[in-house]
Amino acid sequence: MRFSRFFLPVLREDPKEAEIVSHRLMLRAGLISQQATGLYAWLPLGYKVLRKVQAIIEQEQNRAGAVEMLMPTLQSADLWRESGRYDDYGKEMLRIVDRHKRDLLYGPTNEEMITAIFRSYVRSYKDLPLNLYHIQWKFRDEIRPRFGTMRSREFLMKDAYSFDLDRERAVEAYNRMFVSYLRTFRRMGLTAIPMRAETGPIGGDLSHEFIVLAETGESAVFCHADLMNKPIPGPEVDFRGDLTPIVSDWTSLYAATEDMVDMEEFEQSVPADKRLAARGIEVGQTFYFGDKYSAPMQATVTNADGQEIAPHMGSYGIGLTRVVPAIVEAGHDDNGIIWPVSVAPFEVVLISLKVGDGDCDAACEKLYDGLRTAGIDVIYDDREQGAGAKFATADLIGIPYQLIVGPRGLKAGEVEIKHRKDGTRENVPIAEALRRLMELVVPARLETI
RNA sequence: CGGGGCAUAGCUCAGUCUGGUAGAGCACUGGUUUUGGGAACCAGGGGUCGCAAGUUCGAAUCUUGUUGCCCCGACCA
């Protein structure tokens, strides 16, 4: 992508409405644009990040055996009357009436709908286990949306729903999502710690919130410090095998959010020097809730004994539009965002320091072609701007590697590669630049897999 | 929903207290010179001061209403 042809409205000054760093940087770097309270447009650069986050989630959900589909944003109120939640959900639910005076709602979640779909097709225990997920926009009319897309009213969410014959197998399904989440967040460069959580209006008795520690987090959390450095299951993990040891290992160390914490237990089970009391951002949540929906909605299957039973269900959410600011909170400095390669909107920014100079233009065009041909996601800053402005923009938007090309270096046959993360620079011969960038970028795409 | 605050050029703001016909920086347009960390100079364009009523000879400024946005709290799969 040529910068001159792209749409990247960066702001030089801090927008006054933004308080926390991720909101400020997402606005300044031209990722999002607020359209109303809690409603945001995703500008091209931000949308690229969102798509990369989505791709990682899809890969890891599929790997864990979940199957992707797509349900509508609007739902019939009748469906919610079946579960009893139409009246329970309150003002947070956006209710809509269509031209025929039918009651609709903009879905805040999809348990009812997935259960309805399940019951209309699935009859036998032989079709279980089943885990269906989709990535769709949701709406919750929060009393006070804030912090940009961290807590917006409309938000993009991955929600998966598992169906199993009994509790034991439902816990296996739960474990698959649990392990999948550990991998998913790590691939985005996040350290997300599973913590005991309240189940809220969704119900159930087994639930974890996946929390990224950040000063600006909305909830207070308490956990064992060793959880921060625990190794993540690798790509070799067998989702068809027994995952209990991994889950047990992670849940054996104390971790709870403020709603669930028992300070006495925290202090008893965690040595004083390992007690971590911090704030955190909830980026995902897993629930087991049994037959809370399948029973009242009569979504039953026949078991091996010929009896009708209501499957045990679980649901598993990841807030994509919250994950992005969480990544920014976790990776930034005074100059701007620092993206991990895996979700960076571009992997390399090619900076021409002297647009219009014959040699410089020629060298840049050649490098640009080479990078694209090699499959590197590159943005070429071909604008007629001062060097300082280009460096500042590159730093602000957080592209992991800057390939800097100027007349001075070209005279020596060299270009410069700057690492956004730590500011290190290396001069490389022009002919070596592409190879060196491949060496840096390609392994980093999969970082922790 | 309770409490507090803001609304003036594309952005960040000054001007409001004390009424007299709207400004700065950045951005934008044209030109010249520049070019390795947000370049300089010259010349320009751009605002019915959120909206509506009221007070007044006269309102960005005072009064009332209204809308939008932000912050704190309660709320939050």
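It should be emphasised that the depicted structure is a prediction, and the values quoted were computed from it without experimental measurement. The chains referred to below are lettered A, B, ... by the order of the sequence lines, with proteins before strands, and numbering in each begins at 1.
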**Message:** What contact category does A/E218 fall into here, base, sugar-phosphate, or nothing, at under 4.0 angstrom with non-hydrogen atoms?
**Reply:** nothing

> What does A/G409 touch in the nucleic acid at a heavy-atom separation under 4.0 angstrom: a base, only the sugar-phosphate, or nothing?
Replying inline: base

inquiry  = At 4.0 Å (heavy atoms only), tell me whether A/P108 reaches a base, stays on the sugar-phosphate, or touches nothing.
reply    = base

When rounded to whole Å, the CG to C1' distance for the pair A/D14 and B/C13 reads 14 Å

Relative to A/F239, does A/R176 satisfy both conditions: NZ or CZ under 6.0 angstrom from the six-membered ring centre, and within 45 degrees of the ring's axis? no

side-chain hydrogen bond (donor to acceptor under 3.5 Å, both in side chains) filter on A/D334, not counting sequence neighbours, yields none

* Looking at A/W80 versus A/Y89, is the centre-to-centre ring distance below 6.0 Å? -> yes

In Watson-Crick or G-U wobble terms, with both distances under 3.5 Å, the base opposite B/C51 is B/G65

Separation of B/U29 atom P from A/E384 atom CD, nearest Å, is 12 Å

Cation-pi geometry met for A/R169 and A/Y174 (6.0 Å, 45°): no

Open item on the list: Under 6.0 Å from the ring centre and within 45 degrees of the ring axis: does the NZ or CZ of A/R187 meet both conditions for the six-membered ring of A/F185?
Closed with: no

Identify all pairs in which a protein N or O lies below 3.5 Å from an N or O of nucleotides 68-71 of chain B, and state each distance.
from	atom 1	to	atom 2	distance (Å)
B/C69	OP1	A/T37	N	2.7
B/C69	OP1	A/T37	OG1	2.9
B/C69	OP2	A/T37	OG1	3.1
B/C69	O5'	A/T37	OG1	3.0
B/C69	O3'	A/Q34	NE2	3.2
B/C70	OP1	A/Q34	OE1	3.4
B/C70	OP1	A/Q34	NE2	3.1
B/C70	OP2	A/T37	OG1	3.2
B/C70	O3'	A/E17	O	3.4

Between CG of A/L350 and P of B/G36 the distance, given in whole Å, is 18 Å

Residue set satisfying side-chain hydrogen bond (donor to acceptor under 3.5 Å, both in side chains) with A/R383, at least two apart, ordered chain then number -> A/D381

Within residues 66-78 of chain A, the residues having a heavy atom closer than 4.0 Å to RNA chain B are none

Cation-pi check for A/Y401 against A/K418: NZ or CZ below 6.0 Å from the six-membered ring centre and within 45 degrees of the axis, yes or no? no

Note to self: One pair to check against side-chain contact (heavy atoms from CB on, under 4.5 Å): A/L403 and A/L371. What are the steps and the verdict?
What the structure shows: CA-CA 11 Å; A/L403 177 56; A/L371 286 162; 4.0 Å; yes

Judged by nearest nucleotide, the residue sitting upstream toward the 5' end of RNA chain B, A/R408 or A/E258, is A/R408

Between CG of A/D359 and P of B/U35 the distance, given in whole Å, is 16 Å

Between CD of A/E209 and P of B/C76 the distance, given in whole Å, is 12 Å

Side-chain contact check for A/R151: nearest option of B/C11, B/C75, B/G36 is B/C75

Sorted by chain and residue number, the salt bridge (Lys or Arg N to Asp or Glu O under 4.0 Å) partners of A/E432 (sequence neighbours excluded) come out as A/R435

What does the list of N/O pairs under 3.5 Å between the protein and nucleotides 37-43 of chain B look like, with a distance for each?
from	atom 1	to	atom 2	distance (Å)
B/G37	O6	A/K418	NZ	3.0
B/G37	O6	A/R425	NH2	2.6
B/G37	N1	A/D395	OD2	3.0
B/G37	N2	A/D395	OD2	2.6
B/G38	O4'	A/G388	O	3.4
B/G38	O4'	A/A389	N	3.4
B/G38	O2'	A/R12	NH1	3.2
B/G38	O2'	A/R12	NH2	2.1
B/G38	O6	A/R28	NH2	3.0
B/G38	N2	A/T393	OG1	3.3

Handout entry: A/F210 ring center within less than 6.0 Å of A/F178 ring center
Key = yes

